[in-house]
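In what follows, a single structure is set out as structure tokens and then discussed.
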There are 2 protein chains.
Amino acid sequence: MVTIADVARQAGVATSTVSYVLSGKRSISGATRDRVQEAVRVLGYRPNASARALASSRSNVLALVIPLRAGMHVPVLMQFATAVVTTARRFDHDVLLLTADEGRSGLERVSQSALVDALVVMDVELHDERVPLLRELPMPSVLIGIPADTEGLTCIDLDFFAAAEQCVDHLTDLGHREIALLGTPSAVYERQTGFAARTMAGFQAAAERRGIQGIETPCESTFDAVLGTVGELLREHPGITGLVVQNEPIIGPLLDVLRSLGRRVPEDMSLLAICADDVAERQVPKLSSVTLPADEIGQQAVEALIAKLDGNQAPAVTLVPAQLTARASTSTAP
Amino acid sequence: MVTIADVARQAGVATSTVSYVLSGKRSISGATRDRVQEAVRVLGYRPNASARALASSRSNVLALVIPLRAGMHVPVLMQFATAVVTTARRFDHDVLLLTADEGRSGLERVSQSALVDALVVMDVELHDERVPLLRELPMPSVLIGIPADTEGLTCIDLDFFAAAEQCVDHLTDLGHREIALLGTPSAVYERQTGFAARTMAGFQAAAERRGIQGIETPCESTFDAVLGTVGELLREHPGITGLVVQNEPIIGPLLDVLRSLGRRVPEDMSLLAICADDVAERQVPKLSSVTLPADEIGQQAVEALIAKLDGNQAPAVTLVPAQLTARASTSTAP
DNA sequence: GTGAAAGCGCTAACAA
DNA sequence: TTGTTAGCGCTTTCAC
């Protein structure tokens with residue numbers, strides 16, 4: 001194994017000089033820097049991560065906490081995760097994956113053992129059991145998702161309340177008077193997962209404000225569930241002319257079901273989705289949607305975390321503004 | 001921060017004694033052990049991961065390499081990943097997530113910096129560029145997937161060749177004479193991803209052996225692609241009475257498409273899937289299938305890796321036997 | 001059965 | 001601008 005001492009010897013300098021060349025934490029003459037860098041190259045030197053972490057009290061590793069609970073759509077979670085990893089690498093950090101519901105104990109373990117020096121927490125519930133713990137931990141954290149009490153936290157997420165409001169406004173403006181929110185699987189609401197709860201709240205608030213009828217219903221992520229849920233919905237509320245979907249995997253099946261029920265989109269039924277842009281554009285017809293910018297959110301989460309690690313302040317709550325793009329799936333009410 | 005010295009002082013012993021109590025690497029009197037454990041408890045001591053790694057040259061972290069390339073079905077990958085994380089924790093290891101195509105350089109970085117002490121590599125191609133590198137790295141690795149040349153490697157995967165053979169045999173035994181493999185998106189074949197290539201090879205070999213006509217076709221993972229691909233397939237080969245699907249996200253759409261084409265399953269068309277059991281059982285009708293035991297494979301991969309870390313031999317290639325379960329989607333040819 | 005002490009490879013004072 | 005060196009917190013050899 002090549003150590004910093006080997007490099008120092010090869011370059012004819014002190015180990016500290018090598019260290020400083022590598023970290024850039026003090027100025028080095030050009031000649032010395034070149035000699036050191038050449039030695040590094042020749043010997044194929046890589047700093048030992050443990051030694052560096054021990055000496056500097058910085059592991060350069062972030063923990064990514066993804067519980068993978070029932071009802072969550074994995075590809076969307078992984079979009080966040082990928083953005084987190086990519087951005088972390090930009091800041092020279094790696095990412096430790098915490099999945100299995102080790103829950104609180106997992107967080108305590110990795111933080112108290114100094115395995116990581118900051119945490120990104122996903123799949124946040126309104127009354128998340130991890131939140132009190134995060135407040136106590138000796139290291140910074142960022143939540144992707146927003147709990148009920150954000151005191152002392154740093155949280156980032158799409159403004160799902162506004163997203164739902166914009167959907168309601170868009171449909172109402174088009175003349176729809178009776179609309180429904182076809183939501184996530186019920187398990188997600190039962191856990192009071194933040195994004196689902198806030199979407200529903202925004203939907204209700206906007207419907208009330210605009211004086212139209214808004215119906216909310218969860219929906220499991222299978223074709224049969226869509227068939228059953230939509231069938232029942234339209235039976236009990238035959239006047240519904242607009243749907244807002246917040247459940248990515250059922251988007252395809254939903255279009256099929258509407259087709260099979262003889263409801264044309266958008267002529268008979270307007271459809272709005274809250275999902276990634278590419279998903280909306282892949283459908284036939286292309287769906288009007290509010291973007292879920294997973295990449296941007298994951299990236300901002302890491303940037304906020306790095307800021308905190310550098311001793312800078314990060315805003316308590318960052319709501320990424322909702323942006324509605326009208327495509328081919330919404331039109332004036334029949 | 002509580003250190004081992006604090007614990008030693010509190011218990012009235014040497015730091016080495018504390019270390020040995022914790023590791024169990026030498027025998028300790030009951031009384032001493034109790035005092036130390038009590039001190040650990042009282043002080044809430046957690047060993048510092050970096051210090052431990054530096055002193056022992058073992059980070060107790062595994063790298064999980066998931067490229068997340070085009071055409072791969074993320075939920076299945078995450079099933080493997082979750083099994084890897086869970087099993088790693090059983091052996092007191094954590095998991096570092098490597099996604100973004102850092103490719104070779106990422107592997108070199110984490111291994112040469114001793115950030116991890118072993119690697120689990122997923123999404124393996126027949127001629128994977130990472131394979132030569134893995135042979136050279138100074139640390140053990142396990143592939144989930146099987147490249148063309150397995151010399152010097154440890155690889156684990158479902159026996160996809162046999163899986164396809166069993167599907168062909170099952171359908172042939174039921175009297176089908178013209179069958180098709182509806183495969184993964186074409187990008188997966190173009191990369192020569194191991195599991196897809198081996199499935200196709202098994203399908204061809206078995207069809208030839210049984211003297212029936214086997215047609216292979218890739219299929220993108222959208223409803224429209226299924227509609228188009230299946231439509232064309234049945235137009236060009238109207239005699240097809242059996243389908244083998246290796247593409248989880250299209251299973252639902254495929255059933256819809258067959259229904260819309262007026263082909264009843266299994267009366268007019270037998271359907272076999274290569275997928276997780278729960279997916280097969282969730283369909284209507286329940287699908288006959290060859291199980292993809294992601295949990296078992298992920299678990300075995302980690303177990304093999306731990307064995308190698310402990311200096312034990314691990315088999316070069318472990319093919320998890322394919323198991324076909326006949327359910328309601330296959331029957332005698334019409 | 002237990003303790004003392006020498007590192008592990010690096011960072012960051014402190015010194016020059 | 002560069003060098004010297006004392007740790008960082010732990011494991012493990014050596015000694016008793």
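All chains are named by letter (A, B, ...) in the order of the sequence lines, taking the proteins before the strands, and each is independently numbered beginning at 1. The figures here come from the full heavy-atom set of this structure, side chains too, leaving out hydrogens, waters and symmetry mates.
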* Asked: Tell me, which of residues 26-51 of chain A have any heavy atom that sits under 4.0 Å from an atom in DNA chain D?
  ->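 Heavy-atom cutoff 4.0 Å gives A:Arg26, A:Ser27, A:Ile28, A:Ser29, A:Thr32.
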
* Would you jot down, in residue-number order, the residues of residues 9-24 of chain B having a non-hydrogen atom under 4.0 Å from DNA chain D? =>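 Contacting residues: B:Ser16, B:Ser19, B:Tyr20.
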
What residues form a side chain to side chain donor-acceptor pair (under 3.5 Å) with [X], not counting sequence neighbours?
| X | value |
| --- | --- |
| B:Asp117 | B:Ser59 |
| A:Thr32 | A:Ser29 |
| A:Arg89 | B:Glu102 |

Pairs under 3.5 angstrom only: tabulate donor-acceptor contacts from the side chains of residues 91-100 of chain B to other protein residues two or more places apart or in another chain.
from, atom 1, to, atom 2, distance (Å)
B:Asp94, OD1, A:Arg109, NH1, 3.4
B:Asp94, OD1, A:Arg109, NH2, 3.1
B:Asp94, OD2, A:Arg109, NH1, 2.5

Quick one: side chains of residues 294-302 of chain A, donor-acceptor pairs under 3.5 Å with protein atoms, not counting sequence neighbours, listed by atom name and distance.
from, atom 1, to, atom 2, distance (Å)
A:Glu296, OE2, A:Gln300, NE2, 3.2
A:Gln299, NE2, A:Glu303, OE2, 3.2

* To do: Could I get the full list of side-chain contact (heavy atoms from CB on, under 4.5 Å) partners for B:Asp123, not counting sequence neighbours?
  =>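 Listed in chain order: B:Pro67, B:Arg69, B:Met72, B:Arg191, B:Thr193.
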
* Asked: Which residue pairs satisfy the side-chain hydrogen bond (donor to acceptor under 3.5 Å, both in side chains) criterion with at least one member in residues 75-88 of chain A, sequence neighbours excluded?
  ->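 As it turns out, there is no side-chain hydrogen bond (donor to acceptor under 3.5 Å, both in side chains) pair with a partner in residues 75-88 of chain A once direct neighbours are skipped.
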
Determine all donor-acceptor pairs shorter than 3.5 Å in which one atom belongs to a side chain in residues 45-53 of chain A; sequence neighbours excluded.
from, atom 1, to, atom 2, distance (Å)
A:Asn48, OD1, A:Ser50, N, 2.9
A:Asn48, OD1, A:Ala51, N, 2.9

Hey, can you pull the donor-acceptor pairs under 3.5 Å for the side chains in residues 149-158 of chain B, sequence neighbours left out?
from, atom 1, to, atom 2, distance (Å)
B:Asp149, OD1, B:Glu151, N, 2.9
B:Asp149, OD2, B:Arg135, NH2, 3.4
B:Thr154, OG1, B:Lys308, NZ, 2.7
B:Asp157, OD2, B:Arg198, NH2, 3.0

* Is the shortest side-chain N/O distance from A:Lys25 to OP1 or OP2 of C:dA12 below 4.0 Å? -> yes

* To do: Using a strict cut-off of less than 4.0 Å between a Lys/Arg side-chain nitrogen and an Asp/Glu carboxylate oxygen, indicate whether B:Arg35 and B:Glu38 qualify as a salt bridge.
  => no

* **Outermost DNA chain D nucleotides near chain B [under 4.0 Å, heavy atoms]** => D:dG9 to D:dC14

* To do: Measure the distance from CG on A:Asp6 to P on C:dC8 and round it to the nearest whole Å.
  => 11 Å

